[in-house]
Structures are given as C-alpha cells and as structure tokens.
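In what follows, a structure is listed as structure tokens, so that the remarks can point back to it.
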Amino acid sequence: MSIRVVIDHRTGGSSPNKLRHPEKAHRPDNPIARKPDWIRVKAPNHPVYHETRALMRSNKLVTVCEEAACPNIGECWSQRHATMMIMGEICTRACAFCNVTTGLPHALDADEPTRVAEAVARLGLRHVVITSVDRDDLEDGGAHHFARVIHAIRAAAPETTIEILTPDFLRKKNALEVVVEARPDVFNHNLETVPRLYPTIRPGARYYQSLRLLDRVKQLDASIFTKSGLMLGLGEEKMELAQVMDDLRVADVDFITMGQYLQPTVKHAPVARFVTPAEFEDYGTMARVKGFLQVSSSPLTRSSYHADADFAALRNARNARLKEDQ
C-alpha cells in the first residue's frame with residue numbers, strides 16, 4: 001500500500017462558534033477573484049477519498065489538507081495521500097496567507113509521537129512528511145517534540161523516510177540543533193514569498209532568519225536534504241524571485257517548490273494575479289539552471305504535494321551529481 005502522510009496532528013478542535021481568524025476580523029474584505037481554468041479542480045467524490053477521510057478520523061489525525069484548504073485534497077486523498085501536523089491545530093502566528101486557526105494553543109500531547117509512529121507503521125508508509133503549527137509559546141518552539149516524533153517513527157517504521165516542514169524557531173536558542181540531531185531525511189522550511197512582502201504577508205517572521213535556518217541545517221549535517229517553498233501571485237517581481245533562488249542556492253538548498261497562492265477567505269491577502277502555467281515552467285527552468293537538485297513548479301504545487309516521488313527523484317539526482325563530480 002502506498003500512502004503518503006504529512007503529520008500535522010492538531011489535537012484540540014476549535015469551537016464552531018469561535019472565530020477562526022479573530023486577528024483578521026477587523027480587516028476590510030478582499031473579494032476572492034475567480035480562478036482561471038488551469039486552477040480549478042474537481043470536487044472530491046472518489047470512494048478512496050472517503051476511505052482516507054474515515055481512516056484519518058479513526059486515527060484521530062487532523063490534516064493540513066483540510067485545515068489549510070489545499071486544492072489538491074481530492075487527488076491526494078483519492079490516492080491515500082494525506083498531510084498531517086503535530087503540536088495542535090492552533091497557530092501562534094497570523095500570516096496573511098494562511099487558513100490555519102490563530103490563537104492560544106493547547107498544551108502538547110505527550111502521547112502524540114507514539115500515536116503518529118503507530119499510524120505510520122500501520123499504514124506502511126514509504127515516506128512521511130511531518131509539519132506543525134508555529135508554537136512561539138513554547139521555550140523551544142516545539143523542537144524536542146519534533147525530535148520525539150522522528151525517533152518514534154524510526155523505531156516503529158525504520159524503512160520509512162522522514163521529511164519535516166518546520167517553523168522558523170525564531171528566537172529559540174539551540175532549537176534547530178535538537179531537530180537536526182534527530183536526523184530527518186529532508187528538512188523543509190518555506191520562505192513563502194520575497195523579502196519585500198514579508199511585512200504584510202508574513203509579519204511574524206523574518207526572511208533572513210528563515211534563510212539562516214536552512215543554511216545552518218547544512219552546516220550541522222550536510223547529508224540532510226534541504227527544501228523550501230514559495231507562493232507566487234502575491235505581487236512579487238521576476239527579479240525578486242531570481243534573487244530568492246540565488247539566496248537559497250547560497251544556503252545550499254537542494255529542492256525548491258513554487259505554486260500559486262490561493263486566497264482562503266475575504267479576510268486574507270488578495271491574489272495579485274494568477275501566474276500562468278507557462279510562467280511556472282519558465283521559473284522551473286530558471287531554478288534548474290541555478291543548480292537545485294529538484295524543482296517542482298506549477299500552479300497547484302504545494303510543499304508536500306507528491307513528496308514521496310519527489311524524495312526518490314531528489315535522492316537519485318544527488319547520486320547522479322556525485323558520480324559526475326568523481
């Protein structure tokens with residue numbers, strides 16, 4: 001059985017009467033633009049989609065697919081691919097692009113690493129992706145919890161490769177070292193957009209902190225693949241994207257993903273424009289020329305979309321480059 005799970009196991013559901021984004025309630029509405037034909041996806045109705053949904057519920061796993069309103073949920077769940085989060089379903093950040101609930105998170109669930117590992121083993125996963133909400137309320141930003149989940153999966157499913165998508169651990173001393181010491185196969189942290197747009201799109205983060213985080217991973221353990229993603233259509237310029245790619249290559253990042261930003265609600269940042277498939281192809285070519293081992297660039301690309309196949313391609317690309325260098 002081939003099932004990809006990205007673990008985002010949020011344990012405390014939000015009240016149906018509670019605002020999902022209270023910090024955005026005062027903002028003026030931004031009308032949601034009509035999507036072009038190349039963005040539209042079919043409503044999920046495949047029988048396996050419903051089986052996957054039931055499986056997630058029975059294992060008490062909350063998915064990013066639902067929480068972040070991913071457009072690929074129908075395709076992925078119909079192939080028994082799902083994306084999960086750890087450390088709860090409430091984020092301490094209030095990014096202008098994100099549909100995840102903002103607020104005060106619940107206490108960490110000490111049993112979560114074991115439950116996640118048991119689910120991975122039971123599902124027979126080849127590759128698993130583990131992400132989380134931002135936990136600025138925790139002294140270590142959740143680093144030790146990430147490490148415990150990685151160790152638990154290694155013990156329960158030693159053949160499974162592990163990809164993590166982490167917060168930036170801003171002002172969390174030695175947090176990154178804790179996660180790297182647990183030795184995930186892929187360390188992903190998304191820059192999300194160009195530095196000029198950070199004050200409005202990602203106000204709680206710092207571009208160069210995120211860049212340094214990725215660079216530091218390679219300094220600590222060069223064998224770990226590093227990965228980062230960008231959303232396009234927020235108002236970025238081509239030359240700004242080229243500079244971000246150069247910054248990532250200086251940090252020796254192996255894999256870049258680029259996808260179209262889609263506005264979750266009228267209170268979120270508006271789509272500045274819909275980037276065409278041809279433009280995504282051009283950006284993908286640019287990234288390959290700049291030396292990334294792996295590139296995924298299309299309107300519907302997301303960080304963990306096709307992560308299992310991409311990891312296999314990434315490993316093959318590294319092996320091929322090593323042979324060329326010999």
Side-chain angles (χ1 to χ4, degrees), residues 6 8 10 14 18-30 32-33 62-71 83-105 129-138 141-142 146 164-172 175 188-214 227-236 240-241 244 248 256-273 275 301-305:
V6 181
D8 163 19
R10 305 182 187 179
S14 298
K18 187 175 181 180
L19 284 176
R20 186 177 182 85
H21 303 290
E23 81 292 345
K24 297 180 175 67
H26 68 283
R27 297 181 184 177
D29 289 356
N30 293 311
I32 298 178
V62 179
T63 68
V64 172
C65 316
E66 294 172 293
E67 297 296 321
C70 180
T83 301
M84 316 291 169
M85 288 189 304
I86 57 174
M87 296 194 283
E89 64 181 352
I90 302 173
C91 187
T92 55
R93 302 277 176 95
C95 295
F97 63 87
C98 186
N99 196 44
V100 173
T101 304
T102 301
L104 180 64
V129 184
I130 305 164
T131 186
S132 79
V133 290
D134 278 284
R135 292 298 304 257
D136 296 312
D137 58 311
L138 301 175
F146 260 106
I164 59 171
L165 172 55
T166 77
D168 59 11
F169 298 122
L170 183 64
R171 304 184 187 93
K172 304 298 182 183
N188 185 3
H189 174 67
N190 289 333
L191 293 184
E192 305 292 8
T193 190
V194 299
R196 175 176 59 85
L197 297 178
Y198 263 55
T200 54
I201 300 302
R202 204 176 173 218
R206 301 293 180 268
Y207 176 79
Y208 289 104
Q209 162 67 17
S210 289
L211 199 60
R212 281 195 298 269
L213 187 84
L214 292 161
K227 177 178 176 180
S228 191
L230 298 169
M231 300 175 295
L232 307 193
L234 283 163
E236 69 287 336
E240 290 178 305
L241 286 174
V244 170
L248 288 170
I256 186 172
T257 62
M258 291 176 280
Q260 173 70 51
Y261 166 65
L262 297 176
Q263 183 182 347
T265 75
V266 295
K267 296 298 183 181
H268 286 78
V271 174
R273 74 184 186 96
V275 181
T301 290
R302 296 297 182 267
S303 289
S304 53
Y305 189 43

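For clarity, every value in this text was computed on a predicted model and none was experimentally measured.
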### Query
Do Glu192 and Ile201 have side chains that get closer than 4.5 Å, going by heavy atoms?
no
### Message
When you measure from the side chain of Lys172 to the backbone of Gly142, do you find a donor-acceptor pair of N or O atoms at a distance under 3.5 Å?
### Response
no
### Leu213 vs Thr166 side-chain heavy atoms within contact, under 4.5 Å
yes
### Query
Where is the tightest heavy-atom contact between Gly235 and Ala272, given as atom of each residue plus distance?
N-CB, 3.5 Å
### Query
Within a strict 4.5 Å, meaning less than it, do heavy atoms of the Asp136 and Arg93 side chains meet?
yes
### Query
Do Val194 and Leu241 have side chains that get closer than 4.5 Å, going by heavy atoms?
yes
### Query
Mind checking whether Pro105 and Arg135 have side chains closer than 4.5 Å, heavy atoms only?
yes
### Message
Quick one: does any side-chain atom of Thr257 pair with a main-chain N or O of Arg302 as donor and acceptor, under 3.5 Å?
### Response
no
### Task
For the residue pair Pro195 and Val244, establish whether any side-chain heavy-atom pair is separated by less than 4.5 Å.
yes
### Task
Spell out, as yes or no, whether a donor-acceptor pair under 3.5 Å connects the side chain of Thr92 to the backbone of Asp137.
no
### Message
Keeping Tyr261 on the side-chain end and Thr193 on the backbone end, is there a donor-acceptor pair under 3.5 Å?
### Response
no
### Query
Tell me, do His189 and Gln209 make a side-chain contact under 4.5 Å, heavy atoms counted?
no
#### Entry: Criterion side-chain contact (heavy atoms from CB on, under 4.5 Å) on Met231 and Asn190, from CA distance to verdict
CA-CA 9 Å; Met231 300 175 295; Asn190 289 333; over 6 Å; no
### Task
Please assess Val266 against Ile32 for the test side-chain contact (heavy atoms from CB on, under 4.5 Å), listing each intermediate value before the final yes or no.
CA-CA 6 Å; Val266 295; Ile32 298 178; 4.1 Å; yes
### Query
When you measure from the side chain of Gln263 to the backbone N and O of Asn30, does any donor-acceptor pair fall under 3.5 Å?
yes
### Message
On a heavy-atom basis, which atom in Phe169 and which in Gly141 lie closest, and how many Å separate them?
### Response
CE2-O, 3.6 Å
### Sequence-distant partners of Tyr198, ring-ring contact (aromatic ring centres under 6.0 Å, His included), two or more places apart
Tyr207
#### Entry: Any Asp168 side-chain heavy atom under 4.5 Å of Asp134 side chain
yes
### Task
Kindly indicate, with the supporting measurements, whether the criterion side-chain contact (heavy atoms from CB on, under 4.5 Å) is fulfilled by Thr265 and Asn99.
CA-CA 8 Å; Thr265 75; Asn99 196 44; 3.9 Å; yes
### Query
Ignoring hydrogens and geometry, is there a side-chain-to-backbone donor-acceptor pair from Asn188 to Leu165 under 3.5 Å?
no
